[in-house]
Amino acid sequence: MTTPQAGTRGPIPAEEAGGLLTIDLDALASNWKTLRDRAGTETAAVVKADAYGTGIEQAVPALVDAGCGTFFVAHMAEAKRARAAAPNATIYVLNGFLTGTAATYLNFGIRPVLGSWPEIDEWAAFCRAQGKTFPAAIHVDTGMNRLGLRVADGMALRGDRRLEDFEPALLMSHLVSAEDPAHEINARQIEAFSAVAATLPGIPASLANSSGIFLKDMPRFSLARPGYALYGGNPTPDAKNPMEPVVRLEGRILQLRSAEHGETAGYSGAWTSKGRRRLATLSVGYADGYPRSAGSTDANVGQTGLAIVAGRRCPFVGRVSMDLIIIDVTDVPEDAVRQGDTVVLIGDGLDVDEVGTRAGTIGYEILTGLGRRYARTYRGGVA
Ligand SMILES: *Cc1c(COP(=O)(O)O)cnc(C)c1O
């Protein structure tokens, strides 16, 4: 028998796990195809933050198999993992490159997204020193004010001699409020980006994220860059979700108990039992990435976190603890809920968007926070 080395972590067996996370790679592939068809252009996949919590090593090969050839990550460390999973893909690092790391991009065949003049200067100088034009994207900011050249600087790119030192392989910008089609900033960003792109007709252009693909007046440009919708998030929050669910999360019932009238449950006694209630304690908590903000008080019980038990929606009662959540199962028939059973925390119609809303956040944060103590199972994908 081998003794596991300290610090190594193998897969967690389902029977030992407090939570079971199932990731459907066929649904991921199908979502990518839906988005590609909808975009009507070449379609990349944004796989930053461990493919929105689903796992770069599993998600990237499934997406390559579906036909995806371009990937975006946020960090170089993620790009290296994506490269190992997709030896022939085009990979961009959205956060650009840190001074002195240009050679790493070259060694791994990764492309930086250049978002400032100093970055452009350094990449151009690096390429000049190598005597070769290596590809990079240029980010033009049209409203986010985080990364990217200002629009006026984007308009000045044409004829800039630095663009001869490297290969400007993509011109991109990012939408501020694409999930709100009525927001006036969408049209302003489309207009500003179109103007810059028109001055650089030889460079492929990319604007749409998941929600951008569904904007009625979105020009096609060359490349769409969806993330969230690939993983089942709703890119059209005001309408039915066109995507298939990718992530399912179940939590294990550790104990069933009852609370008498007037007793409280959980830290700070934030929830008080009205009459006799049957409670179940789940082996999932905020240390697993389930937000503490999904807990309830007497004032908002039912509006916050939920679990589905035998088809019924059961509210979280009291605070979410580090490792535990308490739910009220009074409405579930006694013989339909047993210690050791699992209940649904994401799935069966309780989607990541609703889980996010009920925790006062967004589905993106739910996905990227998915914990490391769950037993993970991947369905479908590449054999
Ligand atoms: C995260 C990100 C995307 C993907 O956005 P979604 O809303 O997840 O589809 C696209 N472009 C940039 C620059 C990003 O940072």
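All ligand and atom numbering here is 1-based and tracks the order in the structure. Sequential numbering from 1 along the given sequence is applied to the chain's residues.
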Next on the checklist: So Leu171 and Val196, do their side chains get closer than 4.5 Å, heavy atoms only?
Outcome noted: yes

Checklist entry - Would you say Phe97 and Trp123 make side-chain contact, with heavy atoms under 4.5 Å? => result yes

Next on the checklist: List ligand 1 atoms under 4.0 Å from Pro226, heavy atoms only on the residue side.
Outcome noted: 9 (O)

Checklist outcome for this item: ligand 1 atoms nearer than 4.0 angstrom to some heavy atom of Val46 are 3 (C), 4 (C), 10 (C)

Next on the checklist: Would a single hydrophobic cluster contain both Ile308 and Leu279, if residues Ile, Leu, Val, Met, Phe, Trp and Tyr are joined by side-chain heavy-atom contacts under 4.5 Å?
Outcome noted: no

Checklist outcome for this item: The answer for which part of Phe72 has a heavy atom under 4.0 Å from ligand 1 is neither

Item to check | Part of Ser210 with heavy atoms under 4.0 Å of ligand 1, whether side chain, backbone, both or neither | outcome: both

Next on the checklist: Tell me whether His139 has any N or O atom under 3.5 angstrom from an N or O of ligand 1.
Outcome noted: no

Checklist outcome for this item: Of Met144, Lys48, Arg225, the residue with the heavy atom nearest atom 14 (C) of ligand 1 is Lys48

Checklist entry - By ring pair (Phe, Tyr, Trp, His ring centres under 6.0 Å), which residues pair with Phe316, not counting sequence neighbours? => result Tyr290

Next on the checklist: With the threshold set at under 4.0 angstrom, would you say Ala229 reaches ligand 1 through any of its heavy atoms?
Outcome noted: no

Item to check | Sub-4.0 Å heavy-atom contact, Glu179 with ligand 1 | outcome: no

Checklist entry - Considering residues, nucleotides and ligands other than Arg128, do more than 12 of their heavy atoms fall under 6.0 Å from its CZ? => result yes

Item to check | For Leu98, the rest of its hydrophobic cluster, which grows through side-chain links under 4.5 angstrom | outcome: none

